Amino acid sequence: MTRNDPISKFYKPLEVAEKIASFIFILSILFSIFVIFIDKFKYPYMYSWLQITLLIFVIANFISDIVIKLYFSARAASQRMLDFTSNAFDVPLADELSHGYYNTPQGDIFSKLSTSILENSLFTKEILQKMLFIERVWVSACAIFWMIAIFCRSTNLEILTAISQALLSQQILSHWITMEWLRARVEKIYDDIYTQIQTFSIEKEKEFHALAIKELIEYESSKALAGISLSTKIFKKINNELSQRWINIISQLNLR
C-alpha cells in the first residue's frame, strides 16, 4: 500500500525547534559553569560579556519553550487530530489526509473510533517504552554525577548549584517524569479500550459509545498535557513489528 503522510510536514519543524531548544539549553548550562571559573575582578570585561551571553541564552531558552508549546506543538497536534478524526469518522476534515498509516477495519463510527484509539495507544506506549530506556540511562547518569558532586567536599558550591539547576530543569528530570507519566497513562487507556472492545455487547451499545469518546478525550488530553514528541526514528525502526502485532490483535478481537 502506498503511504502518504502530509502530517509529517508539521512535525519536522517541531523536531528542528526541539533540537535547537536542547542545544540552547546545553550551551546555557556550559556557560553558567564556565562563568564560575572567570575572576570578575581580574577579567571584568570578559566576565561581563559572558554574563550577557548567558542572559541571552536564558531568554532564548524561555522563548523557544513558549514557541514550541504554543505554536509548533499545538499546530502539529491539531493537524494530527484532524487526520485521526477524519479516518475514524470517514469525513475529510482537511484538504490533505494520510493514507496507509491507519490499519483500522471498517465498521460503525464508534467501533472504528475505538479501534483507532487502540491502534494509536499501542504504537504510542511502545514508542515511549523505547524512548524511556534511553531517557532512564541519561537521567541515571546525571543523577550519579550530581550525587558525586554533592558528597565531594571539594566541589565548588556554585558549580553544584549550576548542576542542580540543570538536573531539576524541564529538559532533564521533569522531562523524564512526564514521559513516565504519559507512558503509564497511555498504557491504561490501551488496556481499558481493549477490554471495552473485547466485552462489547448490543445491550451496552450506548455505554460503549460514551466510553469511546471518554478514551479519546483522555488520550488526546494526556498527550497535550505531557507535550512529549514521539521519536520518528524509533517509530520507523519498530513500525513493521508493531504493524504485524496490530494485525494479530485485530484477529484476536475479531475486528473485521
Side-chain angles (χ1 to χ4, degrees), residues 7 10-11 14-15 18 21-22 65 68-70 72-85 87-88 101-104 110-140 143 168-200 207-239 241-243 245-246 249-250 252-253 255:
I7 310 303
F10 296 99
Y11 278 93
L14 173 60
E15 291 178 2
E18 287 179 333
S22 296
D65 283 343
I68 287 172
K69 287 181 180 179
L70 300 184
F72 288 109
S73 183
R75 185 180 67 156
S78 177
Q79 291 298 319
R80 183 186 59 79
M81 187 59 182
L82 282 176
D83 189 66
F84 174 79
T85 50
N87 172 76
Y101 276 83
Y102 293 100
N103 301 302
T104 53
F110 286 98
S111 294
K112 194 171 183 182
L113 176 62
S114 297
T115 308
S116 296
I117 299 169
L118 186 68
E119 181 184 17
N120 275 19
S121 58
L122 170 67
F123 275 77
T124 300
K125 74 184 185 70
E126 293 300 327
I127 292 172
L128 283 170
Q129 188 63 44
K130 298 291 184 182
M131 292 172 63
L132 274 167
F133 175 78
I134 302 171
E135 195 74 12
R136 287 164 183 162
V137 171
W138 165 240
V139 171
S140 297
L168 299 176
S169 68
Q170 190 174 359
Q171 281 85 352
I172 301 180
L173 192 61
S174 178
H175 187 265
W176 164 64
I177 293 173
T178 303
M179 194 180 291
E180 292 281 6
W181 174 84
L182 180 60
R183 183 204 59 79
R185 184 88 168 176
V186 173
E187 193 173 75
K188 183 180 183 301
I189 292 171
Y190 173 83
D191 292 338
D192 289 346
I193 202 74
Y194 187 97
T195 302
Q196 289 166 22
I197 294 174
Q198 192 176 43
T199 59
F200 171 77
E207 181 183 346
F208 178 78
H209 293 173
L211 288 171
I213 297 297
K214 170 183 171 292
E215 297 299 343
L216 173 62
I217 293 172
E218 285 194 3
Y219 177 77
E220 292 300 330
S221 62
S222 296
K223 290 196 67 178
L225 182 60
I228 301 292
S229 298
L230 299 180
S231 170
T232 303
K233 183 179 180 181
I234 293 176
F235 167 74
K236 291 178 179 179
K237 185 177 180 180
I238 66 176
N239 181 42
E241 178 187 344
L242 281 182
S243 295
R245 181 177 167 186
W246 174 243
I249 290 172
I250 291 176
Q252 290 172 4
L253 293 175
L255 299 172

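Computed from a prediction, not measured in an experiment: that's the story for all the values here.
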If you round to the nearest 0.5 Å, how far is [atom2] of [Y] from [atom1] of [X]?
{"X": "S116", "Y": "Y219", "atom1": "OG", "atom2": "OH", "result": "10.5 Å"}
{"X": "I193", "Y": "N120", "atom1": "CD1", "atom2": "CG", "result": "11.0 Å"}
{"X": "E220", "Y": "L225", "atom1": "CD", "atom2": "CG", "result": "12.5 Å"}
{"X": "I189", "Y": "I217", "atom1": "CD1", "atom2": "CD1", "result": "11.0 Å"}
{"X": "I234", "Y": "F133", "atom1": "CD1", "atom2": "CZ", "result": "11.0 Å"}

Residues that [X] engages under side-chain hydrogen bond (donor to acceptor under 3.5 Å, both in side chains), provided they are two or more places apart:
{"X": "K214", "answer": "E218"}
{"X": "T232", "answer": "E15"}
{"X": "S73", "answer": "none"}

Partners meeting salt bridge (charged side-chain N to carboxylate O under 4.0 Å, His left out) with [X] (sequence neighbours left out):
{"X": "E215", "answer": "none"}
{"X": "R75", "answer": "none"}
{"X": "E126", "answer": "R245"}

So, using side chain to side chain contact (heavy atoms under 4.5 Å, CB included) as the criterion, who are the partners of [X] when residues are at least two apart?
{"X": "A226", "value": "T178, W181, L182, I228"}
{"X": "I134", "value": "none"}
{"X": "K188", "value": "D192"}
{"X": "L230", "value": "T124, I127, L128, M131, K223"}

Does the side chain of [Y] come within less than 4.5 Å of [X]'s, by heavy atoms?
{"X": "M81", "Y": "L216", "result": "yes"}
{"X": "K130", "Y": "S231", "result": "no"}
{"X": "Y194", "Y": "L253", "result": "yes"}
{"X": "R183", "Y": "M179", "result": "no"}
{"X": "W246", "Y": "L118", "result": "yes"}

Task: Pair S114-Q196, side-chain donor/acceptor within less than 3.5 Å - done: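 Checked: S114/Q196 side chains show no N/O donor-acceptor pair below 3.5 Å.
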Task: Shortest non-hydrogen contact from A21 toward I68 - done: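 What the structure gives for the nearest pair is CB-CD1, 3.7 Å.
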TODO: Determine the minimum heavy-atom distance between S121 and V186, stating which atoms define it.
DONE: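 Result for this residue pair: O-CG1, 3.4 Å.
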Task: With F72 via ring pair (Phe, Tyr, Trp, His ring centres under 6.0 Å) - residues at least two apart - done: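 With neighbours one apart ignored, the set is empty.
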Open item on the list: Assess the residue pair L242 and F235 against the criterion (side chain to side chain contact (heavy atoms under 4.5 Å, CB included)); give the C-alpha distance rounded to whole Å, side-chain angles, the decisive distance to 0.1 Å, and a yes or no.
Closed with: CA-CA 9 Å; L242 281 182; F235 167 74; over 6 Å; no
Task: T195 side-chain N/O to D191 backbone N/O, donor-acceptor pair under 3.5 Å - done: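 Side chain of T195 to backbone of D191, a donor-acceptor pair under 3.5 Å: yes, one is there.
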Open item on the list: Any carboxylate oxygen within less than 4.0 angstrom of a Lys/Arg side-chain nitrogen, looking at K112 and E119?
Closed with: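 So K112 does not pair with E119 through a salt bridge.
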